[in-house]
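Read through the structure below, which is laid out as structure tokens, and then see the notes.
For ligands, and for the atoms within them, numbers begin at 1 and follow the listed sequence. For this chain, numbers begin at 1 and follow the sequence in order.
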Amino acid sequence: MCHELTHISYKDHISVIMWRILCCLFWFNPFIHEMEKEFIHAMEHRCDRKTVQHFKLPPLQYAQSLLTCLKRSMVHQHQYQGFAHFSSSALSVDEYKQRLIDIVKPKRMSQVSVTVILCVVSIGVLFTKYITKPIFNVTPPAWQYPVKNISISSHFGHISKIRNNRPHGGIDFIGTTGTHIYNAAPGKVLIADATSLASKYGNVVLIQHSNGYQTLYSHLDDFNVEAGDWLKHYQVIGSMGSTGKVTGAHLHFEMLQNGQRIDPLSKYSN
Ligand SMILES: [Zn+2]
């Protein structure tokens with residue numbers, strides 16, 4: 001009885017509810033489930049210790065009374081319920097053994113343990129956020145133009161004899177050789193060479209972005225990134241040129257979403 005009142009005085013019932021919510025939100029994280037078990041163990045031990053101190057009971061006698069209580073509430077072979085704890089998952093036999101040992105020989109788990117576990121879990125939750133971010137890729141890229149001075153000579157879908165009447169797969173920005181070219185969004189460089197794609201593209205940089213987007217920059221005079229580079233910010237990745245099949249210096253810029261070419265201008269508000 002005193003044990004249960006100690007739980008209430010520590011607001012453990014609220015903690016347990018918080019743990020259940022946490023486990024539902026981070027069901028895929030085994031670390032959270034493990035820490036929940038540790039927390040319940042530490043919480044029970046803290047209450048056992050307080051009860052022993054409050055009634056000045058011999059720890060052995062208290063352990064024996066709990067054991068009697070446990071035997072009475074035995075439901076089936078390896079699972080016990082109603083034994084002075086209110087977590088939804090009943091503790092295993094080994095966990096009860098450890099709890100009884102902790103009462104008789106108090107050495108681990110205390111108020112400090114409870115606090116330490118809560119701190120570790122808070123860090124764990126933050127860590128989970130950073131782990132899951134690249135997995136779920138929920139943030140769409142924030143697009144910027146690949147050139148500073150925007151002058152478009154050919155739009156997406158434009159049909160011309162130069163391309164054998166096939167619709168234009170990207171947009172052409174005109175400028176002079178050496179004009180700085182920027183990555184349109186943060187991402188990882190997949191290709192930076194003149195050989196991986198068709199020779200008509202000349203020097204090419206291909207970047208993988210979040211949410212299945214890719215951007216391609218072709219006819220570059222030169223590039224200063226390598227395949228495998230992570231571009232965390234917006235930076236100069238190369239310079240405008242006239243390599244490959246061209247009639248003059250320009251940037252042929254393509255945007256792909258899940259392997260399909262899309263109109264890059266649909267991603268820019270102005
Ligand atoms: Zn083009």
Side-chain angles (χ1 to χ4, degrees), residues 130 132-270:
Y130 286 106
T132 54
K133 203 176 168 187
I135 297 171
F136 292 113
N137 255 343
V138 287
T139 317
W143 301 106
Q144 287 194 8
Y145 283 105
V147 286
K148 292 281 186 202
N149 294 318
I150 296 139
S151 180
I152 296 169
S153 61
S154 176
H155 282 84
F156 180 81
H158 178 244
I159 290 168
S160 161
K161 281 182 183 163
I162 299 169
R163 288 177 288 270
N164 299 322
N165 292 326
R166 278 201 295 255
H168 195 198
I171 48 176
D172 290 347
F173 294 96
I174 49 169
T176 53
T177 298
T179 301
H180 285 165
I181 306 293
Y182 300 82
N183 52 320
K188 187 186 181 182
V189 178
L190 297 181
I191 295 171
D193 62 36
T195 53
S196 296
L197 300 184
S199 62
K200 65 176 179 176
Y201 285 111
N203 286 327
V204 164
V205 170
L206 178 68
I207 301 173
Q208 179 72 52
H209 308 284
S210 61
N211 286 34
Y213 287 101
Q214 292 177 333
T215 50
L216 179 138
Y217 314 75
S218 61
H219 311 310
L220 301 177
D221 188 52
D222 202 2
F223 47 84
N224 49 18
V225 289
E226 281 180 25
D229 283 356
W230 278 97
L231 309 177
K232 290 183 180 171
H233 306 287
Y234 301 88
Q235 64 182 73
V236 176
I237 57 165
S239 53
M240 192 180 282
S242 51
T243 56
K245 189 186 169 191
V246 290
T247 52
H250 76 280
L251 170 72
H252 170 82
F253 175 65
E254 288 186 16
M255 193 180 282
L256 299 96
Q257 187 176 19
N258 301 320
Q260 296 292 313
R261 286 189 179 93
I262 59 165
D263 182 2
L265 289 187
S266 67
K267 295 295 163 189
Y268 297 97
S269 52
N270 53 357

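- Ring-centre distance between His168 and His155: not below the 6.0 Å cut-off.
- Residue Asn165 places its CG atom among more than 12 non-hydrogen atoms of other residues, nucleotides or ligands, all under 6.0 Å distant.
- Nearest heavy atom pair, residue Ala184 against residue Tyr217, reads N-OH, 2.8 Å.
- Taking the six-membered ring where tryptophan is involved, the planes of His250 and His219 are tilted, since the angle between them lies from 30° to 60°.
- The minimum distance between the Zn ion (ligand 1) and any N, O or S atom of His252 involves atom ND1.
- The Zn ion (ligand 1) has no N, O or S atom of Glu254 closer than 2.8 Å.
- Per residue Asp172, closest N, O or S atom to the Zn ion (ligand 1): atom name OD1.
- Residue His168 counts as close to the Zn ion (ligand 1), with an N, O or S atom under 2.8 Å.
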